[in-house]
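Notes for the one structure printed next.
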Amino acid sequence: MTGFDRRTLLKLAVATGVGAGIGIPLMSGVGGSSSTGTVLRSQLPLPEPFTQPLTIPPVLTPVRTEADADHYELVQRAATVEILPGVPTRIWGYNGIFPGPTIVSRSGRTTVVRHRNTLPVPVVAHLHGGHTPGSSDGYPTDLILPPGSSQPMTMPGMPGMVDPRAVVTVGERTYTYPLRQPAATLWYHDHRMGFTGASVWRGLAGFHLVHGDEEDALPLPRGDRDLPLLIADRAFASDGSLRYPSVDASLRETAGVTATYSGGVLGDVILVNGTPWPVAEVPAVRHRLRLLNASNARRYRLALDPPPPGGGGLVQIGSDGGLLAGPRSHDAIEIAPAERFDVIVDFGRYAPGQEVTLVNQFGAGSTTVVLRFRITRRETDDTRVPATLPTVPPLDPAKAAVTRTMLFSDHGGSMGWQINGRPYSPGYANANPRLGTVEVWRLISDFHHPIHLHLVHFQVLSRGLSGPGEYDGGWKDTLDLRPAEEAAVIARFDDYAGRFVFHCHNLEHEDMAMMANFETR
Ligand code: C2O
Ligand code: CU
Ligand code: CU
């Protein structure tokens with residue numbers, strides 16, 4: 001099949017149950033095309049939006065710095081924090097906080113992170129967007145067991161299944177990140193097979209920023225005018241705990257969520273850096289907002305309300321893997337789970353005293369707003385957005401060694417989210433890319449599936465019959481694939497031989513088997 005064949009896709013859509021009433025409420029929100037999933041409601045009163053201040057996660061200090069590497073330590077532990085005012089909430093956090101501490105690295109300089117697990121469940125830490133050797137990539141069965149436990153004979157979440165290649169440790173594990181990649185907004189999160197959705201929902205996620213000389217030389221906003229913003233929806237139970245519809249509340253045996261939520265879990269509270277609908281006071285100058293959608297399943301369409309005079313208030317300078325070739329102005333940004341958009345907002349286009357709300361045009365009710373900025377005073381601003389940024393050399397599809405097709409579709413049941421008709425199995429590789437070669441992957445979907453590849457960053461070649469979409473610019477590691485859509489992406493597989501996963505980053509889909517391996521050689 002060359003390009004987009006609409007009839008084939010429609011047939012596929014019918015076969016996989018789009019619009020065919022398979023009994024799972026899958027679409028929600030406005031416009032029929034926002035998120036795949038079902039809203040889980042909070043069981044206690046929600047706070048007034050814009051009453052709590054925005055906080056920025058603390059930057060982690062290295063425990064040791066050597067000539068060629070910086071060493072960090074994180075303890076994964078349970079903690080009680082206050083997210084809703086006056087309500088204690090039990091979370092799982094890196095160093096007991098949500099989001100976890102921000103790790104700040106230099107491009108090309110090795111970062112070593114030792115994770116200690118004191119949680120009652122196994123964990124796996126993954127650096128999302130990292131160009132990382134397989135041994136440190138957080139393969140879903142490379143578990144860090146709780147201290148004192150012994151090796152499980154079968155894989156949690158997948159009864160009867162063993163992964164003979166899993167490298168399981170007890171109590172702790174050290175991950176080494178060479179970071180031979182450009183400056184970018186990365187993040188780290190749990191990646192345990194079958195339980196990623198539940199563990200991230202409880203708080204196991206944080207930023208990992210990579211800075212570099214090339215980017216530092218640009219006159220972009222920095223310091224307290226560079227704001228990492230982790231956006232995540234959650235729901236709360238009446239006792240203040242985070243509400244999540246796990247099949248197995250112990251999060252040890254059976255993977256996945258109850259049938260009602262198998263399309264994805266959507267919360268009714270929007271947290272930014274762990275605070276519900278916060279407010280930030282900002283001077284009337286340019287700021288860099290590093291937008292990360294760390295939600296399990298929710299997609300957002302983010303816009304400034306009111307827009308600045310003349311529009312185009314969100315000036316995108318970067319995407320998942322680093323800076324774009326040039327800035328791109330948007331009135332709104334559509335962001336799927338795991339995607340990052342690096343944008344410059346010039347609050348100097350507003351008057352001091354004005355309030356500007358980051359709204360979610362895909363939301364309904366409590367999820368229509370995200371964050372508010374209160375413009376304080378004018379200040380000198382020596383930043384600007386250069387017309388050209390470091391070049392993004394296009395990869396040439398004519399040089400591709402192979403074109404592969406990956407179909408992401410629902411087959412029903414607890415392992416029903418599948419790739420090319422197979423549920424995730426650690427022992428099977430869908431692709432064996434040769435190191436140093438370029439490949440084109442055609443990605444085809446039934447519903448919304450944010451498709452993420454480990455190891456590589458890719459460029460989007462097309463969506464349907466058109467070129468890349470408005471939000472597809474630059475180096476991506478996650479593609480917002482929409483219902484009944486075909487997209488083509490191109491990537492160079494390089495440097496590290498081994499087994500890596502690619503998967504849907506709707507975490508409920510991922511946990512219910514929409515994941516597969518590619519093995520580079
Ligand atoms: Cu963000 Cu495979 O993960
Ligand atoms: Cu990843
Ligand atoms: Cu999916």
Side-chain angles (χ1 to χ4, degrees), residues 16-18 24 26-27 35-37 124-134 136-142 175 177 181 184-197 199-201 204-208 230 232 256-257 261-266 292-299 320-321 336-340 406-411 415-419 423-424 443-458 475-485 487 491 496 499-518:
T16 52
V18 175
I24 312 171
L26 281 159
M27 308 298 295
S35 300
T36 296
V124 171
H126 169 58
L127 173 57
H128 181 122
H131 182 55
T132 306
S136 283
D137 194 47
Y139 191 81
T141 56
D142 286 350
Y175 299 85
Y177 305 116
Q181 59 189 103
T185 303
L186 311 183
W187 63 302
Y188 62 102
H189 61 75
D190 192 66
H191 213 303
R192 175 167 56 118
M193 180 159 130
F195 296 94
T196 297
S199 302
V200 170
W201 187 269
L204 292 177
F207 278 105
H208 189 144
L230 182 149
V257 291
Y261 296 92
S262 65
V265 181
L266 309 172
L292 158 63
N293 181 357
S295 307
N296 284 31
R298 183 178 290 281
R299 293 170 73 246
D320 303 335
E339 285 191 296
R340 286 86 72 210
M406 302 294 174
L407 169 63
F408 298 82
S409 62
D410 179 28
H411 296 255
M415 304 238 295
W417 294 105
Q418 300 184 358
I419 303 177
Y424 171 58
L443 311 172
I444 306 175
S445 62
D446 54 356
F447 302 113
H448 287 282
H449 297 296
I451 305 304
H452 171 50
L453 273 65
H454 285 219
L455 181 69
V456 301
H457 284 95
F458 53 77
W475 289 110
K476 298 282 298 165
D477 56 46
T478 306
L479 178 86
D480 179 18
L481 200 59
R482 297 167 301 188
E485 189 167 51
Y496 307 118
R499 181 175 65 156
F500 297 89
V501 288
F502 66 102
H503 58 87
C504 179
H505 220 289
N506 173 315
L507 297 181
E508 286 72 39
H509 296 190
E510 176 183 341
D511 283 341
M512 293 184 291
M514 192 170 264
M515 176 151 66
N517 296 294
F518 65 85

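Residue numbers run from 1 in the order of the sequence given. Atoms within a ligand are numbered from 1 in the order they appear, just like the ligands themselves.
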Do Phe408 and His509 come within less than 4.5 Å of each other through their side chains, counting heavy atoms only? no
Using a 4.5 Å cut-off on heavy atoms from C-beta on, say whether the side chain of Gln181 contacts that of Trp475. no
Return yes when at least one N/O/S atom of His509 is nearer than 2.8 Å to the Cu ion (ligand 3), and no when none is. yes
Does any N, O or S atom of His449, backbone or side chain, fall under 2.8 Å from the Cu ion (ligand 3)? yes
Donor-acceptor contact below 3.5 Å, side chain Asp320 vs main chain Arg340: yes
Among His191, His452, His208, which residue satisfies the ring pair (Phe, Tyr, Trp, His ring centres under 6.0 Å) criterion with His128? His452
Could you tell me whether His503 and His454 have their ring centroids closer than 6.0 angstrom? yes
Is there an N/O/S atom in [X] that lies less than 2.8 Å from atom 2 (Cu) of ligand 1?
| X | value |
| --- | --- |
| His503 | yes |
| His191 | yes |
| His505 | no |

Just to the nearest 10 degrees, tell me the angle at the Cu ion (ligand 2) spanned by His452 NE2 and His126 NE2. 170°
